[in-house]
Amino acid sequence: MRIMMILACGTFCAAIQAAEVLTVALGDEFYYGTKLEQIEEFYQKIRGSGVNLSWAGNPPSWETGVLEKPEYLQFYRDVADIARANGIGAALGVHAESLLPAAGREKWFGALLDPKTGLRMASKSWDFANPEAMTELARRYEEFMNAVKPREMYFVDEQILISPGNDAHIKRMSAYWTSPTYSQAALESFRKFLSGRNFPNAAQTGFPVTTGMVEPGPKANMGLPAVPISSKNEDYLTPDNNWPDSDLWRAWYDWREELLTELYRVQIVAAEKVFSGNPRWQGVMVSSPTFWFCRETGLSAAKVAAIPELKYLVAGYMNGRNLLTLKPHARKNGKLLGGMIELSIYGNKQSPAPDTVLKNFKYQIENGARLMLLYPLANFNPTRQSEKQHENGMDYRPAQVELWKQCADYLKEQKLAVPPLFPEEQN
């Protein structure tokens with residue numbers, strides 16, 4: 001018997017199966033140009049394997065201008081259809097960069113900061129602080145979703161406002177200058193934000209920068225630059241070496257959290273609008289390594305979890321490490337918690353010990369995970385036999401396939417397995 005919870009979220013209500021664990025796989029490594037016959041053969045092999053959904057038929061971040069490429073859109077639809085034909089739902093996710101127009105994209109670019117000169121550089125991504133750009137991006141998100149529907153789930157994965165840098169999982173991220181939020185529109189947005197907080201001299205305050213160099217270390221993984229202030233940048237930069245604790249730095253980080261939360265909200269709301277009419281719709285998930293949920297990245301678990309239409313908050317990668325850090329935010333906002341296991345880790349020849357992975361899988365479920373990500377599906381594909389694929393942990397690995405079977409069997413034994421979304425296709 002399924003336990004159902006109904007969440008009142010204004011005009012939005014979601015039925016949540018609280019006693020079952022949805023399984024969502026990713027990393028099939030199929031991109032535009034792959035023959036559909038190869039993709040079909042693969043999904044036929046994994047049908048009935050205990051996978052409910054796959055991140056199937058999505059543009060990678062390096063594919064841009066996809067809305068102007070009908071052949072790409074058709075490929076994404078075809079791959080999703082192949083997954084469904086084999087009993088597996090198709091989850092969609094798209095990075096904002098993929099939705100930049102094929103021509104004239106420079107109009108929408110944000111700006112980075114060159115730490116050596118203190119001057120702006122084009123970010124080659126959207127200006128998330130520009131209201132006009134965000135209106136256009138929201139329109140393109142909805143247009144893209146309509147072009148590839150139906151889908152059974154939408155995911156927002158690892159979208160942040162910083163280049164994390166070295167050892168970011170154990171050291172504080174410090175590369176603030178890589179945030180794509182230094183345009184003139186961003187300056188106007190930031191000053192408006194400061195004014196709303198009654199910040200002194202808000203109309204003349206610029207983005208905070210450090211002017212004294214600090215070497216990389218545990219408290220600043222990429223160090224801090226000595227940004228030169230000159231007549232060329234003094235109108236938009238404000239020296240502040242009390243990083244990251246001054247009132248100005250704190251305000252800057254708070255402002256960026258608002259920007260990124262809006263990027264997430266735009267996608268989540270659009271996905272519910274476009275896809276929720278599908279009777280097999282499973283909702284929207286947000287996933288990221290837990291150490292990326294921090295002020296430095298702009299990704300706030302508290303603010304994202306408060307988006308009414310979100311269903312799952314997921315501790316991604318690192319085998320769901322620190323899953324419990326997200327639990328309070330999920331619980332407070334009525335969201336379901338999600339975790340992840342990695343059968344192999346990208347870039348590592350050696351797979352994790354099976355006993356450790358299985359133990360971790362069970363631990364996450366026992367601690368409330370109601371969605372489990374599985375990575376990578378590439379380990380299930382017998383055609384992946386190259387040395388490069390082996391070096392990266394993305395080759396065929398029968399032992400990892402068997403490991404997943406043990407995980408899926410555990411869900412069945414505990415009566416936690418979600419029935420196939422397309423049972424008619426499982427036979």
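Computed from a predicted model, the values in this text were never measured in an experiment.
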Next on the checklist: In terms of relative ring orientation, are Y43 and F30 parallel, tilted or perpendicular, with 30° and 60° separating the classes?
Outcome noted: tilted

Checklist entry - Yes or no on side chain to side chain contact (heavy atoms under 4.5 Å, CB included) for I307 and T261, after CA distance, side-chain angles and deciding distance? => result CA-CA 9 Å; I307 298 173; T261 301; 4.2 Å; yes

Checklist entry - Taking only residues two or more places apart in sequence, or in another chain, which ones meet D395 in a salt bridge (Lys or Arg N to Asp or Glu O under 4.0 Å)? => result R397

Item to check | Polar side chain donor-acceptor pair, Q267 to Q159, under 3.5 angstrom | outcome: yes

Next on the checklist: Using 30° and 60° as the class boundaries, would you call the ring planes of F275 and W281 parallel, tilted or perpendicular?
Outcome noted: tilted

Next on the checklist: Could you check whether any side-chain heavy atom of F207 comes within less than 4.5 Å of a side-chain heavy atom of L113, counting everything from C-beta outward?
Outcome noted: no

Next on the checklist: Is there a side chain to side chain contact (heavy atoms under 4.5 Å, CB included) between L67 and E143? Walk through the geometry before answering.
Outcome noted: CA-CA 8 Å; L67 267 175; E143 182 181 349; 3.8 Å; yes

Checklist entry - Checking side chain to side chain contact (heavy atoms under 4.5 Å, CB included) for the pair Y396/N379: CA distance, chi angles, key distance, verdict? => result CA-CA 4 Å; Y396 177 52; N379 285 169; over 6 Å; no

Next on the checklist: Taking salt bridge (Lys or Arg N to Asp or Glu O under 4.0 Å) as the definition, give me every residue that meets it alongside E142, ordered by chain and number, with sequence neighbours left out.
Outcome noted: K273

Next on the checklist: E258 and salt bridge (Lys or Arg N to Asp or Glu O under 4.0 Å): which single residue from R295, K192, K303 fits?
Outcome noted: K303

Checklist entry - If you draw a 6.0 Å radius around CZ in R139, do more than 12 non-hydrogen atoms from other residues or ligands fall strictly inside? => result yes

Item to check | K362 bridged to E366 by N-O distance under 4.0 Å | outcome: no

Next on the checklist: Tell me whether the count of non-hydrogen atoms from other residues, nucleotides or ligands lying under 6.0 Å of CD in E71 goes above 12.
Outcome noted: yes

Next on the checklist: Under a 4.0 Å threshold between the charged nitrogen and the carboxylate oxygen, would E68 count as salt-bridged to R140?
Outcome noted: yes

Checklist entry - Would you say K107 and E132 make side-chain contact, with heavy atoms under 4.5 Å? => result yes

Item to check | Passing candidate, side chain to side chain donor-acceptor pair (under 3.5 Å) with E152, options R280, R84, Q282 | outcome: R84

Next on the checklist: Any salt bridge linking E20 with R370? Criterion: basic side-chain nitrogen under 4.0 Å from a carboxylate oxygen.
Outcome noted: no

Next on the checklist: For the CD atom on Q385, are there more than 12 heavy atoms of other groups (residues, nucleotides or ligands in this structure) within a distance under 6.0 Å?
Outcome noted: yes

Checklist entry - Would R256 count as a cation-pi partner of W252, with NZ or CZ less than 6.0 Å from the six-membered ring centre and within 45° of the ring normal? => result yes

Checklist entry - Do other residues, nucleotides or ligands put more than 12 heavy atoms under 6.0 Å from the OH atom of Y363? => result no

Next on the checklist: Side chains of T64 and S98: any donor to acceptor distance under 3.5 Å?
Outcome noted: no

Checklist entry - For R321, does the CZ atom have more than 12 heavy-atom neighbours from other residues, nucleotides or ligands under 6.0 Å away? => result no

Checklist outcome for this item: Taken in chain and number order and not counting sequence neighbours, the residues that satisfy salt bridge (Lys or Arg N to Asp or Glu O under 4.0 Å) with E262 are R265

Item to check | Candidate list Y31, Y32, F144, test ring pair (Phe, Tyr, Trp, His ring centres under 6.0 Å), partner Y72, passing option | outcome: Y32

Checklist entry - Just by modelled atom types, is the V314 backbone N or O under 3.5 Å from a matching donor or acceptor in the S287 side chain? => result no

Checklist entry - Under the salt bridge (Lys or Arg N to Asp or Glu O under 4.0 Å) test, which residues partner D167, sequence neighbours left out? => result K171

Next on the checklist: Filter on side-chain hydrogen bond (donor to acceptor under 3.5 Å, both in side chains), then keep only pairs touching residues 120-129, sequence neighbours left out; what's left?
Outcome noted: E97-S125, R120-Q184, D127-S183

Next on the checklist: Can you list everything that forms a ring pair (Phe, Tyr, Trp, His ring centres under 6.0 Å) with F128? Sequence neighbours excluded, please.
Outcome noted: none

Next on the checklist: Less than 4.0 angstrom from a charged side-chain N to a carboxylate O is my criterion; do R77 and D81 meet it?
Outcome noted: no

